Amino acid sequence: WVDGKKHLLSSADFKMKDPLDKEFWTISTHDGILNCTLQPSGARSENVNVILMKSIFTQAFGKVEGRITIDGVSETFSATGVAEKHHALW
């Protein structure tokens with residue numbers, strides 16, 4: 001939502017390297033509206049592997065900085081945020 005108007009984002013690419021709680025994450029949408037990085041200050045991880053279910057995830061949290069471009073107008077932002085890499089099988 002920007003100025004009371006909803007703006008839909010396209011699908012996004014998340015690029016990250018191990019260790020996920022230390023390395024920068026880059027997040028960008030295919031339509032170019034969102035381009036940002038997450039600099040992790042920590043992470044929560046879990047690895048569950050039971051007979052009918054498998055769930056492996058890392059939730060990195062930290063400082064998110066980037067740029068949003070809507071209708072040709074760009075603004076930079078800085079915030080605290082979280083991103084998740086998750087593999088699940090059930």
Side-chain angles (χ1 to χ4, degrees):
W1 293 88
V2 176
D3 295 329
K5 183 179 175 190
K6 179 172 61 172
H7 294 271
L8 299 177
L9 300 176
S10 67
S11 58
D13 288 323
F14 289 72
K15 296 179 183 170
M16 70 287 276
K17 297 186 299 187
D18 288 326
L20 298 176
D21 63 336
K22 305 273 190 252
E23 296 292 330
F24 277 84
W25 295 44
T26 302
I27 304 159
S28 59
T29 57
H30 294 175
D31 56 16
I33 291 176
L34 175 68
N35 289 290
C36 63
T37 58
L38 167 69
Q39 180 181 4
S41 56
R44 176 179 177 271
S45 297
E46 190 169 74
N47 184 346
V48 176
N49 191 358
V50 293
I51 295 169
L52 298 175
M53 182 190 92
K54 182 177 186 176
S55 176
I56 302 167
F57 71 85
T58 299
Q59 296 169 328
F61 54 87
K63 187 174 187 178
V64 180
E65 293 183 312
R67 178 176 301 278
I68 297 174
T69 304
I70 298 173
D71 298 329
V73 178
S74 293
E75 276 196 42
T76 59
F77 69 91
S78 181
T80 301
V82 63
E84 177 179 272
K85 179 179 180 181
H86 192 173
H87 172 74
L89 178 65
W90 18 52

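Heavy-atom basis, side chains included; hydrogens, waters and symmetry copies ignored. Worth saying up front: this structure is predicted, and the values here are computed from it rather than measured.
Hydrophobic cluster membership is shared by Val64 and Leu20, with clusters built from Ile, Leu, Val, Met, Phe, Trp and Tyr side chains linked at under 4.5 angstrom. There is a path of hydrophobic side-chain contacts, each under 4.5 Å, that joins Phe14 to Leu9. Using a 4.5 Å cut-off between side-chain heavy atoms of Ile, Leu, Val, Met, Phe, Trp and Tyr, with links allowed through other members, Phe61 and Leu38 fall into different hydrophobic clusters.
Here Ser28 pairs with nothing under the side-chain hydrogen bond (donor to acceptor under 3.5 Å, both in side chains) rule; sequence neighbours left out. When the side-chain contact (heavy atoms from CB on, under 4.5 Å) test is applied to Lys17, the partners found at least two apart in sequence or on another chain are Glu23. Partners of Lys22 according to the salt bridge (charged side-chain N to carboxylate O under 4.0 Å, His left out) rule, which considers only residues two or more places apart in sequence or in another chain, do not exist here. With sequence neighbours left out, Thr26 forms a side-chain contact (heavy atoms from CB on, under 4.5 Å) with Lys15, Thr37. In this structure His7 satisfies the side-chain hydrogen bond (donor to acceptor under 3.5 Å, both in side chains) test with no other residue, sequence neighbours excluded.
Through direct or relayed side-chain contacts under 4.5 Å between Ile, Leu, Val, Met, Phe, Trp and Tyr, Leu52 connects to Ile51.
Nearest heavy-atom pair, Gly62 versus Ser41, reported as atom, atom and distance to 0.1 Å: CA-OG, 3.7 Å.
Side-chain contact check for Phe77 versus Leu34: some heavy-atom pair is nearer than 4.5 Å.
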Pairs under 3.5 angstrom only: tabulate donor-acceptor contacts from the side chains of residues 80-90 to other protein residues two or more places apart or in another chain.
unit_1, atom_1, unit_2, atom_2, d
Glu84, OE1, Gln59, NE2, 2.7
Glu84, OE2, His86, ND1, 3.4
His86, NE2, Ser55, OG, 2.9

Can I get a per-line list of side-chain donor-acceptor pairs under 3.5 Å for residues 65-76, giving both atom names and the distance, sequence neighbours left out?
unit_1, atom_1, unit_2, atom_2, d
Glu65, OE2, Lys63, NZ, 3.4
Thr69, OG1, Ser74, OG, 2.7

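Ile56 contributes atom CD1, which lies 7.0 Å from atom CG of Asn49 (distance to the nearest 0.5 angstrom). Note that CG of Asn35 is 6.0 Å distant from OG1 of Thr29, once rounded to the nearest 0.5 Å.
Residues in residues 22-56 take part in no ring-ring contact (aromatic ring centres under 6.0 Å, His included) pair, two or more places apart or across chains. Among pairs with a residue in residues 24-48, none fulfils salt bridge (Lys or Arg N to Asp or Glu O under 4.0 Å), at least two apart in sequence or across chains.
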